[in-house]
Amino acid sequence: MDIISAILWPFKWVIELLLVSFHALFTTVGMDKDAGLTWVLSIVGLVLVVRAALIPLFVKQIRSQRSMYVLQPDLQKLQKKYKGKTDRDSRERMAKEQMELYKKHGSSPFSSCLPLLAQMPVFFSLFQTLQEAQQSKHGVGLLSEDLSVSFAQSHFLGASLSETFLTATSDSVKIIAGVMIVLMTASQFITQRQIMAKNQSQATQNSQFAQTQKIMLYVFPVIFLISGVSFPLGVLIYWLVSNFWTMGQQYYVIRRMPTPGSLAHDERQARLEKKGKLSPKSTEIAEEIEAPQPSQRTQPVSKARAKKKPKGTK
């Protein structure tokens with residue numbers, strides 16, 4: 001067993017447990033055990049369990065992402081402060097001050113990738129499970145040889161779940177795989193575009209972080225478009241359903257907890273005002289409360305007033 005297989009082994013065991021459990025549930029209620037629909041619904045159940053388990057990571061991602069937007073003005077000031085300074089000491093001081101900013105705001109430039117990175121072992125494990133099932137191999141856990149063959153040979157909309165766009169045996173399979181790849185790519189693009197269009201404040205739209213987000217907007221969909229032709233249909237179904245989950249989850253979060261100063265924040269304020277739950281001036285009041293207030297200046301006492309005795313004293 002190589003190191004990658006050793007790392008993926010526990011993930012494959014859990015995936016097989018979930019797949020077999022959902023498959024047993026659906027066959028218990030009367031569905032055909034070898035039908036493609038039964039296995040597709042089992043994959044959907046797998047997605048729901050995995051994504052529900054990743055909700056804490058997603059919440060952390062959203063909070064960190066909002067913090068990244070908030071700290072952009074301070075980050076831009078820091079970059080201007082060290083602009084043109086290429087000596088080693090300046091670079092080290094800039095890196096140190098930058099890490100202090102991240103720590104102060106409780107953010108990290110890599111946090112937005114956490115849910116995606118956390119899903120990669122599941123994704124590759126499912127990929128290997130389908131490949132081994134195509135060869136009628138016994139799984140590492142509850143996926144027996146019979147279930148493995150059933151999984152690989154099951155058909156959905158006339159296409160085998162183990163086939164890819166490149167290994168398709170008919171034009172209909174290529175069409176189904178092609179449509180799913182396009183939908184997967186489009187959903188990835190829309191999800192990223194949703195953040196940039198509605199959940200960025202105007203102050204951060206020209207920041208380096210925003211520029212990186214723009215690059216990712218086009219890079220990730222292209223990666224999925226190119227690599228998707230080698231994904232089995234079962235994996236495409238997993239990724240497509242997962243992307244739809246992300247779209248809905250992100251829409252809910254942006255609508256309910258938008259970044260201050262963004263278009264989504266303005267729209268939420270307008271909705272609350274329309275419902276009478278927010279006065280027009282409450283936003284300004286809230287901003288004043290959240291803004292650091294200068295400490296009240298103590299009025300200096302002149303020498304004449306200091307020497308003046310209050311009434312009633314001798």
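Throughout, residue positions are numbered sequentially from 1 according to the sequence presented.
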Just how far is it from atom CE of Met99 to atom CE of Met94, taken to the nearest 0.5 Å?
13.0 Å
Cluster overlap Ile181 with Val222, hydrophobic side-chain contacts below 4.5 Å:
no
Just so I know, are the side chains of Ile237 and Met180 near enough to count as touching, which here means a heavy-atom distance under 4.5 Å?
yes
Quick one: pull up CG in Leu46 and OG in Ser242 and give me the separation to the nearest 0.5 Å.
9.5 Å
Spatial distance of atom CZ (Arg51) from atom CD (Gln249) [nearest 0.5 Å]
5.5 Å
Kindly work out whether a path of hydrophobic side-chain contacts (I/L/V/M/F/W/Y, heavy atoms less than 4.5 Å apart) joins Val182 to Phe165.
no
Please report the shortest heavy-atom distance between Glu16 and Gly141, naming the atom on each side.
OE1-N, 2.7 Å
Here the pair of heavy atoms bringing Gly228 nearest to Met184 is CA-CE, 4.4 Å
Write down the atom of Trp245, the atom of Ala52, and the distance for their closest heavy-atom approach.
CZ2-N, 4.0 Å
So, taking the atom named NE2 in His23 and the one named CG in Leu142, what distance separates them when rounded to the nearest 0.5 Å?
13.0 Å
Working to the nearest 0.5 Å, report the span between OH of Tyr238 and CG of Asn243.
10.0 Å
Please say yes or no: joined through hydrophobic side-chain contacts below 4.5 Å, possibly via intermediate residues, are Ile223 and Ile226 part of one cluster?
no
Here the gap from Thr167 atom OG1 to Lys174 atom NZ, rounded to the nearest 0.5 Å, amounts to 9.5 Å
Do Ile190 and Tyr251 come close enough that some side-chain heavy atom pair is under 4.5 Å?
no
Considering non-hydrogen atoms only, spot the tightest contact between Ser170 and Ser172 and give its length.
OG-OG, 3.0 Å
